[in-house]
Amino acid sequence: MTRYVVVATHSVSQPELEAQAASSVIQFLDADLQEIGHPMVNFGSASLAAAARDITQKHPTARWVWSDTTRWYRRILEADAATRPARPIAIQRAHDLRLTRNLLRFAANTVRTSYIDEISADWHEENHGTLTQFLPENDPGASPQETLFEPHKEKNASLEYQIAELRLQFAAIPHSPAGNRLRMLIAAESAGAIAATEMGFFGLPWNETEHKRLLEEALGTETPHGQRPPKLQALAEEITQLLYTPSLNPDSPQDLVRALQRNGIPVNSTSKWELKGKDHPVIEPLLRYKKMYRLYTANGWHWLKTWVRDGRFHPEYVVGGVITGRWASRGGGALQIPRGIREAVLAEPGWKLVVADASQLEPRILAAMSRDEGLSTASRGKDLYESVAEQGFGGDRAHAKVAMLGAMYGATTGESARLMPTLRKLYPTAIAALEKAARSGEQGGVVSTHLGRTTPAPGPRWLSSQQTSTQEEQARAGNIARTRGRYTRNFLVQGSAAEWALMWIAELRRQLATVFVEDDDASRPELVFFLHDEIMVHTPERLADRVHECVLDAAAQATRWMFGDTTVEFPLTVAIVDRYSDAK
DNA sequence: ATTACGAGCGCG
DNA sequence: AAAGCGCGCTCGTAAT
């Protein structure tokens, strides 16, 4: 029997509980959302954590309902860590009201209740490109401009409101196969939020000594902030000499592009790809400078001081932060760690990193979703692109890969566009699915992923851009339409791949918590990193092989949940290493 | 002095 | 050789 644990800041029916800013109230509901327990009252984070420990022991599978997993769960984890408990609290299941609301706001497969109309009404095209989300406001720590379920702001933090919101959300999900998929997505999104909170809280092992060694090797000894390190400075001087411009600031693109032009180098920008291939003695040191400058500014000593403490990098993962359902991150660029500094991601002594990567996830997702026979066959070969190459590109893997990626991104020019006819002949069903998505987007329609995450509908500005009278407007409208078509085309694949990965990490987290339940708390494997189609587990060396098995099991389970008994294979590349840089 | 934005580059 | 999708961060620069 499912039991729900609803968490809020106060109760309308018991106003005396509102007294303290940091208070929280907990209510138990049964599967039919009938109340089965009186509100438990807590004041402050420490007692919330104490309550959470008590509840997770008595009802380990209870589903925690709250406005925002990251905010509530992080408070619990922080307070829990401060009391140095026997075993850290681990919430197993959640229903994140904010994330669910964001899913339901656009989801096509809903019961059209007034609730759905209300929450989807506030979408405007102006928001497009930057996904605005409903933000929590019932957390005392939230900044004042953040608002959750508008309107009726002040009531929204109450226990009663949370329960009402939960009922409305459940009522909006139809009892149909599509509804079931949406339910799975909601559960996975919330489970992902639990994993994300834990990963951010416990952090990624980051060896500061190694990082500093890398920096010194590349840039020279550390200098005060704002002053170029020695090797970078030397190179800057070399460049100013080679361009006969003593006053040149190589960090200023417009300054630099003018200096390059004065020296007869025909460039319109200072970007890497434009500089490459130009024949001038400054090009080589300049490209080296840009690389070093990047390391210095984006991942230098300042970064290290800001984002790494106690040997761990603590990013904040933003679940559903990308419109396709991928995660985003805030702080330190967690999802853009350059290959060059991955040497600093080092397992602790006696521990290993299990780094797993889903190989060519997106074309496999496309094969399974569209049930394309040829592409499904290709997925069962040794290497997907190799198989595609054999099936239709004369064994040329590079061509096969470019063609496949171009099809999923909507390439219109160059090599990949020219290869499209070949691909269409080879995989008519898969390509038809992509083109249907593109056409829908071009015409202003919406597209849904396999589990039902849906693109926002175009806003009034997009729609009016399609109302044309002149030839010129017509051409512009066509471009705008095609841009949206590429977006919806890619949404289908990227979004469904994100769902597979979400299930993968959710299931892996569950397995790690149950398989190693007997192990000593200080030596249990921990999820430490997630990057779209890649997962990292930090584990005692003796458990690494069992972790490896869990990673494979979890991927197989993700595939079953998504696609049932599909014949498409989803192989992983797994490496058990000391350093992240040693994986692949 | 503060804010907004594009350039450029890192990741999948 | 670079383009076709999705992001975040830092910088310089322009606007306020």
Side-chain angles (χ1 to χ4, degrees), chain A residues 128-131 225-226 228 249-257 267-277 286-287 289-300 302-303 306-307 315-342 357-363 365-366 398 401-420 423 434 437-438 441 447 449 453 455 479 482-498 501 529-535 580 584:
Chain A
H128 201 98
T130 49
L131 178 61
H225 188 57
R228 286 198 193 98
N249 174 11
D251 305 339
S252 160
Q254 29 182 276
D255 215 13
L256 184 57
V257 80
V267 288
N268 294 310
S269 75
T270 66
S271 66
K272 207 161 55 173
W273 62 266
E274 194 165 357
L275 292 175
K276 245 181 224 167
L286 183 54
L287 290 173
Y289 180 87
K290 288 167 82 79
K291 184 116 189 133
M292 285 164 63
Y293 175 76
R294 172 79 192 177
L295 173 66
Y296 171 57
T297 55
N299 297 100
H302 184 246
W303 181 91
T306 310
W307 301 112
E316 184 183 346
Y317 293 94
V318 185
V319 174
V322 179
I323 196 122
T324 56
R326 277 185 175 183
W327 295 6
S329 73
R330 219 175 357 235
L335 305 186
Q336 300 111 251
I337 301 170
R339 294 203 119 81
I341 62 165
R342 292 183 180 184
D357 177 298
S359 316
Q360 305 103 28
L361 181 56
E362 292 188 352
I365 291 288
L366 175 62
K401 184 176 176 179
V402 165
M404 222 35 247
L405 292 173
M408 292 185 297
Y409 291 158
T412 54
T413 59
E415 177 106 61
S416 58
R418 281 200 301 281
L419 297 171
M420 270 300 280
L423 208 60
L434 291 170
V447 163
T449 59
R453 192 187 304 269
T455 61
N479 280 332
R482 281 188 293 277
T483 296
R484 188 161 192 279
R486 287 193 298 275
Y487 158 64
T488 51
R489 169 196 292 263
N490 186 251
F491 184 94
L492 183 73
V493 180
Q494 188 185 121
S496 301
F529 194 57
F530 178 60
L531 180 55
H532 309 319
D533 59 359
E534 192 178 320
I535 286 181
Y580 187 18
K584 73 180 167 186

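Residue numbers begin at 1 in each chain, while the letters A, B, ... track the order of the sequences.
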Counting Watson-Crick and G-U wobble pairs only, both distances under 3.5 Å, name the nucleotide matched with dC7(C), or none. dG10(B)
Students often mix this up, so state it plainly: with edges at 30° and 60°, are the rings of Y293(A) and Y289(A) parallel, tilted or perpendicular? parallel
Which residue lies toward the 5' end of DNA chain C, R326(A) or G331(A), if each is placed at its nearest nucleotide? R326(A)
Name the nucleic acid region contacted by I337(A), choosing base, sugar-phosphate or nothing; use a 4.0 angstrom heavy-atom cut-off, strictly under. sugar-phosphate
Are K290(A) and E274(A) close enough for a salt bridge, meaning some N to O gap below 4.0 Å? no
How close or far is atom P of dG4(C) from atom NZ of K401(A), stated in whole angstroms? 18 Å
Regarding W273(A), tell me which of base, sugar-phosphate or nothing describes its non-hydrogen contacts under 4.0 Å with the strands shown. sugar-phosphate
Is there a side-chain contact between R294(A) and the phosphate of dG10(B), meaning an N or O under 4.0 Å from OP1 or OP2? no
Return the value, rounded to whole Å, for the distance between atom CZ of R342(A) and atom P of dG10(B). 12 Å
If I take atom CD in residue Q494(A) and atom C1' in nucleotide dG12(B), what distance separates them, rounded to the nearest angstrom? 8 Å
Donor-acceptor under 3.5 Å (R489(A) side chain, A407(A) main chain): yes
Could you work out which one of dC5(C), dG10(B), dG6(C) sits closest to the side chain of I323(A)? dG6(C)
Quick one: F530(A) CZ to dC11(B) C1', roughly how many Å, whole number? 14 Å
Counting only N and O atoms by type, is there a donor-acceptor contact under 3.5 Å from the side chain of T270(A) to the main-chain atoms of V257(A)? no
Taking only N and O in the side chain of K276(A), is any of them less than 4.0 Å away from OP1 or OP2 of dA2(C)? no
Rounded off to whole Å, could you give me the NZ-to-P distance for the K272(A) and dA1(C) pair? 13 Å
chi for dG6(B) classified (syn = within 90 degrees of 0, anti otherwise) as anti
Is any side-chain nitrogen or oxygen of T270(A) closer than 4.0 Å to OP1 or OP2 of dA7(B)? no
Does R339(A) put a side-chain nitrogen or oxygen below 4.0 Å from OP1 or OP2 of dC9(B)? no
Counting only side-chain nitrogens and oxygens, does S271(A) get under 4.0 Å of the OP1 or OP2 atom of dA7(B)? no
5'-most contact on DNA chain C (nearest-nucleotide basis), E415(A) vs H532(A), goes to E415(A)
Checking the side chain of N490(A) only, and the main-chain atoms of M408(A) only, is there a donor and an acceptor separated by less than 3.5 Å? yes
